[in-house]
Number of protein chains: 2
Amino acid sequence: MFSKATEYALRAVIFIAQKSSEQQKLGLAEIADAIHSPQFFTAKILQKLTLHNQVISSVRGPNGGFYITDAAKQKSVKSIVEVMGEGELFDKCVLGLNRCSEKNPCPMHDQYKPIREDFVSLFDHQTIEEMAQEMNSGSFFIRNE
Amino acid sequence: MFSKATEYALRAVIFIAQKSSEQQKLGLAEIADAIHSPQFFTAKILQKLTLHNQVISSVRGPNGGFYITDAAKQKSVKSIVEVMGEGELFDKCVLGLNRCSEKNPCPMHDQYKPIREDFVSLFDHQTIEEMAQEMNSGSFFIRNE
DNA sequence: ATAATAAAGGATAATATTGTCCTTTATTAT
DNA sequence: ATAATAAAGGACAATATTATCCTTTATTAT
């Protein structure tokens with residue numbers, strides 16, 4: 001489904017949203033450890049998410065680290081996927097056809113369309129904050145083993 | 001979603017199911033042209049699908065080529081994905097967690113589960129023959145450009 | 001039997017993705 | 001101001017995926 005990079009991105013952002021604040025920033029090592037992702041690869045991903053403060057924010061130096069603003073927490077989970085450059089998936093033909101559309105459909109189109117719409121709707125409506133709140137309940141996890 | 005290899009596989013099998021029979025086999029060049037896929041890469045994919053006649057069948061030599069039996073046409077579209085080695089997608093966690101389950105869910109699990117179930121159900125119930133019949137109606141296409 | 005044909009299979013190349021390391025830059029505390 | 005810290009960014013390595021080519025094997029028609 002998603003690339004590893006995007007999987008790490010989603011998990012990292014959920015963790016940051018759960019644990020960080022502008023006062024309480026998180027370091028790379030801590031984040032990579034929490035979601036069990038390769039540290040330096042994760043650094044690249046966080047860099048991408050930080051660019052123009054699209055999703056998360058960061059400050060360098062002592063007591064620096066990554067955090068997310070309350071405003072950004074209202075963004076959708078879909079927006080994380082989009083910043084990672086995989087938004088194409090949300091409207092891609094399941095058979096990989098460039099020109100597949102309502103008017104010019106592949107033989108899976110009509111059946112796949114409602115499923116894809118549900119999928120898009122989930123990612124579009126679910127906010128980062130909602131994910132973080134679920135995490136706070138203690139009955140969900142994001143660490144791989 | 002799927003790899004290019006699997007996309008080509010799905011389109012190739014649909015085309016073979018639509019146009020071939022044990023009497024009327026299709027050559028590699030014809031297939032690759034029909035779905036507009038790289039010919040030699042497609043050869044590798046057809047090889048995989050032909051192994052043990054899992055999905056399609058083939059004969060070498062003059063008047064040889066690829067075809068599909070009536071029995072195989074009753075197989076699901078999901079089985080094509082599985083032979084291509086991507087069946088994992090049908091029960092994979094959307095955040096890429098190995099241990100994600102009902103008892104031990106990721107924060108997307110509960111919401112994603114019904115969508116994934118619909119997705120699996122579509123691929124599991126849709127047969128190759130049904131796809132081929134849709135193609136025969138003339139209002140669907142599988143050629144990329 | 002022989003030649004022609006078409007898939008099977010092996011080897012290799014090109015590209016993309018994933019992962020690591022090292023230097024630079026910004027920030028903070030002293 | 002200086003030193004320490006932590007992210008940013010560049011370079012590179014490892015692996016996986018995609019794609020191509022060449023030889024071998026099976027099959028058919030002559």
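Convention: sequence-line order gives letters A, B, ...; per-chain numbering from 1.
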A:Phe2 or A:Gly64, whichever maps to the more 5' nucleotide of DNA chain C: A:Phe2
Of the listed nucleotides D:dA19, C:dA26, C:dG19, the one nearest the side chain of B:Pro38: D:dA19
A:Arg60 CZ to C:dT27 C1', straight-line distance once rounded to whole Å: 9 Å
Length of the line joining B:Gln39:CD and C:dA8:P, which is rounded to integer Å: 13 Å
Pair assignment for DNA chain D - dot-bracket with | for other-strand partners, Watson-Crick or G-U under 3.5 Å: ||||||||||||||||||||||||||||||
Nucleic acid contacts - residues 7-33 of chain A versus DNA chain C, non-hydrogen atoms under 4.0 Å: A:Tyr8
Contact under 4.0 Å: B:Asn63 side-chain N or O vs D:dA29 OP1/OP2: yes
Side-chain-base donor-acceptor pair under 3.5 Å for B:Gln47 and C:dG9: yes
Derivation and outcome, side chain to side chain donor-acceptor pair (under 3.5 Å), residues A:His125 and A:Glu130: CA-CA 10 Å; A:His125 292 130; A:Glu130 282 164 359; over 6 Å; no
Length of the CD1-P vector between B:Ile45 and D:dT20, whole Å: 11 Å
Euclidean distance, atom CZ of residue B:Phe40 to atom P of C:dA14 [Å, nearest integer]: 16 Å
5' precedence on DNA chain D between A:Phe66 and B:Val59 (nearest-nucleotide basis): A:Phe66
Closest to side chain of A:Lys4, choosing from C:dT20, D:dT18, C:dT18: C:dT18
Interatomic distance, A:Ile56 CD1 vs D:dA8 C1' [rounded to whole Å]: 13 Å
Check: A:Phe119 ring centre within less than 6.0 Å of A:Tyr112 ring centre: no
Whole-Å distance separating the CD1 atom of B:Ile35 from the C1' atom of D:dA19: 14 Å
Let me check something: any side-chain donor-acceptor pairs from residues 57-74 of chain B under 3.5 Å, sequence neighbours excluded? List them with distances.
{"from": "B:Ser57", "atom 1": "OG", "to": "B:Asn53", "atom 2": "OD1", "distance (Å)": "3.4"}
{"from": "B:Thr69", "atom 1": "OG1", "to": "B:Ala72", "atom 2": "N", "distance (Å)": "3.0"}
{"from": "B:Gln74", "atom 1": "NE2", "to": "B:Glu129", "atom 2": "OE1", "distance (Å)": "2.7"}

Closest-nucleotide ordering on DNA chain D, the 5'-leading residue of A:Lys44 and A:Gly65: A:Gly65
Below 4.0 Å: OP1/OP2 of C:dA6 and any side-chain N or O of B:Ser58: no
Side-chain touch B:Ile56/B:Val13, heavy atoms, less than 4.5 angstrom: yes
Value in whole Å for how far the P atom of D:dT27 lies from OH of B:Tyr67: 11 Å
A:Ala17 backbone acceptor or donor facing A:Ser20 side chain under 3.5 Å: no
Cationic N near anionic O, under 4.0 Å, B:Lys75 to B:Glu82: no
Residue closer to the 5' end of DNA chain C, B:Leu51 versus A:Ala5 (nearest nucleotide): B:Leu51
Whole-Å distance separating the CZ atom of B:Phe41 from the C1' atom of C:dT15: 12 Å
Side-chain donor-acceptor pair present, B:Ser76, B:Gln126, cut-off under 3.5 Å: no
Ion pair check, A:Glu7 and B:Lys92, cut-off under 4.0 Å: yes
Pair B:Thr42, B:Ser37: side-chain N/O donor-acceptor within cut-off below 3.5 Å: yes
Aromatic plane relationship, A:Phe41 with A:Tyr8 - under 30° parallel, 30 to 60° tilted, over 60° perpendicular: perpendicular
